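Source: prediction; values computed, not measured. Just the heavy atoms: all of them, side chains too, but no hydrogens, waters or symmetry mates, feed the values below. To find a chain, count down the sequence lines: A is the first, B the second, and so on, and within it residues start at 1.
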Amino acid sequence: MIAPNIYKPYLMRIEKITDEAPGIKTFRLVFTDEQEGRDFRFKAGQFGEYGVFGEGECTFCIASSPTRTGYIECTFRQAGRVTSALADREEGDLIGFRGPYGNTFPIDDWQGKNLIFIAGGIALPPLRCVIWNVLDLRDRYGDVTIVYGARTVDDLVYKHELEEWRRRGDVKLITTVDPGGETPDWTGEVGFVPTIVEKQAPSAANAVALVCGPPIMIKLTLPVLAKLDFTPDQIYTTLENRMKCGVGKCGRCNVGKYFVCKDGPVFTLAQLNDLPPEY
Amino acid sequence: MEQRLLKRESVGQLFAKLADAGWRIVGPCRSGEAVVFKDVHAPQEMAADYVQTTLSPKSVVFPRYELLLRYRFEGKDVKIDDEQITVVPTVIFGLRPCDARSLAVLNAVFSWDYQDVFFKTRLENTTIITVSCTTSDPYCFCTSVNGGPGDPQGSDLLLTPFDADEYLVEIVTDRGRAIVDQAPELFAPAAGGEVNKVRVLADVPVRFEMSRLVECLPRVFNDEAFWAEQAMRCLGCGACAFLCPACACFDIQDEADRQGGVRYRCWDSCGLSLFTLHTSGHNPRTTQGQRWRQRVMHKFSYFKDRLGTIACVGCGRCSRSCPADMNLAEHLQALAETSA
Amino acid sequence: MDALRNKARDLLSDGSVQVVIGYGPGSVPDQARAVFLRRPEQVGALFFDDRCHQNLAVYLTKPEVKALGKPAIVGTPAILRSILQLAAENQIADGQVLALGVDGDGRVTELPDFKSIEDFLAPLPADLSPQEQEQLARIEAMSRSERWNYWIDQLSCCLRCYACRAACPLCYCGRCAVEANQPQWIPVAPHPRGVLEWHLARAMHLAGRCVNCGSCAKACPLGIPIHLLTQMLSQEVAKRFGLQAGRSAKREYVLGTFKPDDAEDFIR
């Protein structure tokens with residue numbers, strides 16, 4: 001064999017399934033081969049191809065922190081063939097995982113900086129990986145601010161972890177729901193994420209902003225950050241594109257001269273501005 | 001480069017020697033109106049009197065359908081059978097210099113950081129015996145993309161037909177030498193110094209200046225109307241990509257029943273609208289103009305930027321077979337002539 | 001030729017159409033290609049002779065062409081039959097397309113609505129050409145196993161490039177059946193079973209709808225005679241149900257119609 005088969009997945013067992021929100025689940029996956037589990041390393045921002053044998057593979061970020069070894073987590077919404085098959089799985093079932101692929105958030109470069117996480121809906125998972133990575137190494141970083149919103153209270157993911165973050169003294173967490181999405185006992189903000197970010201007015205001094213969400217949320221949040229003097233180099237996001245191989249060969253995720261699976265999924269706004277709007 | 005002479009009538013004996021030594025030989029054969037690469041045992045099986053084959057030889061190293069892995073279901077358990085690839089040493093005989101150059105383009109993709117064991121194994125076990133072009137047709141444009149009708153790049157042996165009964169043989173690589181060594185008696189020394197093959201090679205006029213094209217492309221990118229106009233007659237099928245020796249895009253799919261199944265890959269094309277369709281229903285490239293632009297930009301701009309080579313060898317197959325007569329060289333000419 | 005060009009010039013000049021879809025010079029002298037003329041001064045590119053056999057009706061459902069505005073289209077019999085079938089399937093509204101019927105003497109007839117197209121086609125031969133009949137007869141004469149071997153052999157080269165689908169004026173579905181993946185009704189793979197399922201599904205989806213233009217086979221880069229599959233089904237539908245696609249703008253889709261006096265009684 002000239003090389004190992006890069007399309008052969010790790011065999012993973014679903015250890016825990018959490019229902020996060022309507023249609024959204026989190027899987028905690030452990031390696032069936034314990035040695036592979038011990039050897040596995042990844043960095044914040046990377047993704048994998050999660051596969052149901054017989055149905056196909058799907059791309060999600062690795063939503064757990066690299067500081068926590070022995071398992072990985074992914075969070076997904078049921079949408080098409082593979083995610084529907086995944087949603088049908090039970091704890092104990094076996095699925096495939098290929099990874100880690102893609103580039104990483106340069107969190108080592110951010111030591112000492114203030115971090116602002118801005119996320120909407122199902123787009124919190126890629127940032128959750130970084131958040132826990134940072135919180136597990138808390139004293140290396142400055143202020144940590146999280147602005148997270150969803151359409152309704154029910155649609156918020158990681159509800160228990162939101163509580164954990166809220167109770168910590170070293171994180172500023174602002175949660176919001178769209179107008180009309182609040183419940184009678186909702187104590188968080190009401191308003192679209194970009195509006196809440198504007199209201200919070202985080203300082204751009206010595207700061208990095210990570211923005212993940214539906215295209216419209218990103219589109220409206222970027223001008224807010226610009227007004228707060230964030231430069232394009234200070235703003236990070238993750239791109240999604242249709243993917244199959246995850247290793248830069250099948251051609252699907254090619255946008256401009258970048259391949260989202262190799263040059264991303266993490267991009268700065270400066271890089272995004274360079275890309276054709278084909279994603 | 002070391003030169004020999006091989007009589008045309010000796011090719012049969014060469015094939016026999018190679019077959020005895022366990023080689024598989026693939027050559028161009030008629031298939032209805034088309035000329036495609038098939039397993040051959042004797043030269044008579046091969047097609048004559050054609051300028052270029054319909055299908056490229058890329059399926060020898062990158063089959064249109066290829067298993068990536070197999071799996072079995074045993075109750076709740078899944079057993080993955082790693083697809084071991086075994087390849088018989090193969091000779092591709094009779095491809096053109098443009099096709100020989102295309103292998104480097106495919107290799108660039110399949111070796112980019114991650115080594116694709118399927119492609120690499122097949123390539124490792126393939127020897128390229130190219131036949132130079134003594135004729136061309138209006139669709140050929142190898143000379144516009146840094147190639148030529150007698151270009152040895154990518155070949156192990158380059159044969160140029162002389163005088164109806166003889167080939168000039170140029171031994172380009174050690175792998176080519178290994179073929180000659182299988183039947184050295186068939187390869188006579190080229191008498192009296194270097195034979196100049198230029199006089200028998202086809203004349204392939206340059207259609208556009210590559211440097212000008214590469215310079216124009218990023219500038220024209222945002223001109224949606226320009227691309228829409230070029231693609232107006234394009235029907236959005238995958239013929240150009242599938243016939244192209246330098247196109248490597250593929251789809252990965254699973255097929256299984258209750259006992260188990262396979263994960264395979266098959267050829268895919270950026271010209272098909274499904275290529276970039278997200279499960280959400282969003283499609284970054286909704287119009288054929290955007291998809292046409294992607295094809296051209298990928299081959300002549302992005303690929304060059306990332307992997308150092310143009311992903312086109314000017315074989316003309318896309319244009320010869322296009323049901324809508326898109327004609328790539330014509331479009332590239334128009335692109336290269338756009339002003340600043 | 002002049003009649004066609006003059007007509008096209010007039011139509012574009014007075015704004016009665018925004019685009020003339022016709023044939024212009026192709027890559028090589030014996031080839032024509034589709035042209036989309038927007039301005040009167042472009043009509044010199046138009047010609048019409050026996051090089052003109054691509055079915056241009058395929059462009060009438062292409063979004064980028066529809067966006068150009070009201071089209072006039074050179075109307076060979078195959079194109080006119082396609083327009084009527086598209087009309088029968090509610091893909092074109094009456095009066096939305098101006099067909100330019102062309103005959104062997106170079107005369108151009110404006111066909112502004114479906115009735116005029118039906119009348120224009122009425123005297124023309126409706127059946128397959130003798131050559132096409134002969135090809136079908138040759139296969140019909142084979143035994144079942146000979147026929148099976150013939151088709152498995154012919155289809156063995158198929159790459160699933162979908163040039164056949166792309167060239168067919170009646171394959172206008174925004175989402176082709178093969179693109180459905182929940183479940184994957186038709187395998188994507190170009191293995192023998194996948195190829196067979198694709199072509200059989202396509203032939204069935206065209207049963208009673210195919211206008212016998214032969215574009216699918218002309219488009220196939222490998223020259224596989226897949227038009228024989230759809231043409232054979234056309235003949236079957238004509239024989240058994242007395243219906244033929246492309247004769248009328250009134251919808252009569254055999255697979256979607258049930259009549260109480262149908263011969264089949266399994267559905268009762």
Side-chain angles (χ1 to χ4, degrees), chain A residues 1-13 32 49 51-59 77-85 89-90 92-96 101 214-215 240-259 261-263 276-279, chain B residues 68-69 71-73 76-80 82-85 109-110 112-121 124 221-222 247-258 260-261 263 265 268-270 274-280 282-285 290 293-294 297-298 301-306:
Chain A
M1 278 279 256
I2 292 178
N5 184 352
I6 54 179
Y7 306 100
K8 181 184 170 203
Y10 293 110
L11 202 54
M12 315 292 283
R13 185 170 49 254
T32 53
E49 293 289 337
V52 177
F53 295 99
E55 300 295 338
E57 293 177 315
C58 208
T59 309
R77 188 210 307 273
Q78 178 174 350
R81 179 178 172 183
V82 180
T83 46
S84 296
R89 300 298 103 172
E90 294 171 343
D93 282 351
L94 298 178
I95 66 167
Y101 297 143
E240 276 181 358
N241 225 8
R242 184 109 178 91
M243 281 189 205
K244 282 274 176 163
C245 71
V247 290
K249 299 194 187 318
C250 76
R252 229 169 211 75
C253 68
N254 175 219
V255 49
K257 62 178 197 273
Y258 295 124
F259 283 71
C261 67
K262 288 182 74 53
D263 306 300
E278 286 184 329
Y279 49 85
Chain B
L68 298 175
L69 47 105
Y71 40 86
R72 285 169 285 129
F73 303 128
K76 284 278 195 178
D77 203 4
V78 178
K79 294 273 187 283
I80 301 175
D82 207 345
E83 190 63 13
Q84 297 291 329
I85 172 161
V109 173
F110 289 111
W112 189 20
D113 291 349
Y114 299 90
Q115 303 300 308
D116 185 301
V117 65
F118 302 99
F119 176 86
K120 298 293 287 190
T121 308
E124 261 303 300
F221 186 92
N222 284 313
C247 270
C249 287
F250 56 88
D251 191 6
I252 303 179
Q253 295 275 345
D254 274 39
E255 270 185 355
D257 56 27
R258 286 187 209 279
R263 186 160 293 160
R265 69 161 164 223
D268 208 342
S269 163
C270 59
L274 194 61
F275 193 68
T276 46
L277 180 66
H278 295 194
T279 305
S280 63
H282 170 60
N283 193 339
R285 295 186 203 127
Q290 290 168 327
R293 175 176 65 185
Q294 165 64 14
M297 293 298 295
H298 186 132
S301 187
Y302 311 150
F303 207 98
K304 189 167 197 312
D305 280 346
R306 298 313 296 274

Contact origin within [X] toward chain B - heavy atom pairs under 4.5 Å:
X	result
Val52(A)	backbone
Cys58(A)	neither
Asp93(A)	side chain
Pro9(A)	both
Glu240(A)	backbone

Contact leader toward chain A among [options], where contacts are heavy-atom pairs under 4.5 Å:
options	result
Asp113(B), Asp251(B), Thr276(B)	Asp251(B)
Asp257(B), Thr279(B), Asn222(B), Ile252(B)	Ile252(B)
Gln294(B), Glu255(B), Gln290(B)	Gln294(B)
Lys76(B), Arg263(B), Gln253(B)	Arg263(B)

With respect to chain B, which residue among [options] yields the maximal number of heavy-atom pairs within a distance under 4.5 Å?
options	value
Pro215(A), Gly92(A), Ala79(A), Gly56(A)	Gly56(A)
Val255(A), Ile6(A), Asn254(A)	Asn254(A)
Glu55(A), Arg13(A), Glu90(A)	Glu55(A)

ask   = What is the distance from atom CD1 of Ile80(B) to atom OH of Tyr10(A), rounded to the nearest 0.5 Å?
value =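 One gets 11.5 Å once the value is rounded to the nearest 0.5 Å.
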message = For Phe303(B), give me all partners under ring-ring contact (aromatic ring centres under 6.0 Å, His included), at least two apart in sequence or on another chain.
response =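 Phe303(B): ring-ring contact (aromatic ring centres under 6.0 Å, His included) contacts with His298(B).
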If you define the side chain from C-beta out and look only at heavy atoms, does anything of [X] sit under 4.5 Å from [Y]?
X	Y	answer
Asn241(A)	His278(B)	yes
Val117(B)	Lys8(A)	no
Pro276(A)	Met297(B)	no

Could you check whether any side-chain N or O of [X] sits under 3.5 Å from a backbone N or O of [Y], counting only pairs where one atom can act as donor and the other as acceptor?
X	Y	answer
Arg306(B)	Lys257(A)	yes
Tyr7(A)	Asp116(B)	no
Asn5(A)	Leu68(B)	yes

Counting only heavy atoms closer than 4.5 Å, note whether [X] contacts chain A via side chain, backbone, both or neither.
X	result
Arg293(B)	side chain
Phe118(B)	side chain
Tyr71(B)	side chain
Asp77(B)	both
Tyr114(B)	both

task = For Arg77(A), enumerate each residue passing the salt bridge (Lys or Arg N to Asp or Glu O under 4.0 Å) test, keeping only those at least two apart in sequence or located in another chain.
result =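 Partners of Arg77(A) under the salt bridge (Lys or Arg N to Asp or Glu O under 4.0 Å) test: none.
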key: Salt-bridge criterion met for Arg81(A) and Asp254(B) (N-O under 4.0 Å)   =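 Salt bridge: no.
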Presence of salt bridge, Lys244(A) and Asp268(B), under 4.0 angstrom =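 Not counted as a salt bridge, because no side-chain N and carboxylate O are separated by less than 4.0 Å.
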task = Kindly determine whether Phe119(B) and Lys249(A) satisfy side chain to side chain contact (heavy atoms under 4.5 Å, CB included), including the steps that lead there.
result = CA-CA 11 Å; Phe119(B) 176 86; Lys249(A) 299 194 187 318; over 6 Å; no
inquiry  = If I compare all heavy atoms of Cys249(B) with all of Gly251(A), which pair ends up nearest, and what's the gap?
reply    =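 Distance-wise, the nearest heavy atoms are SG-CA, 3.6 Å.
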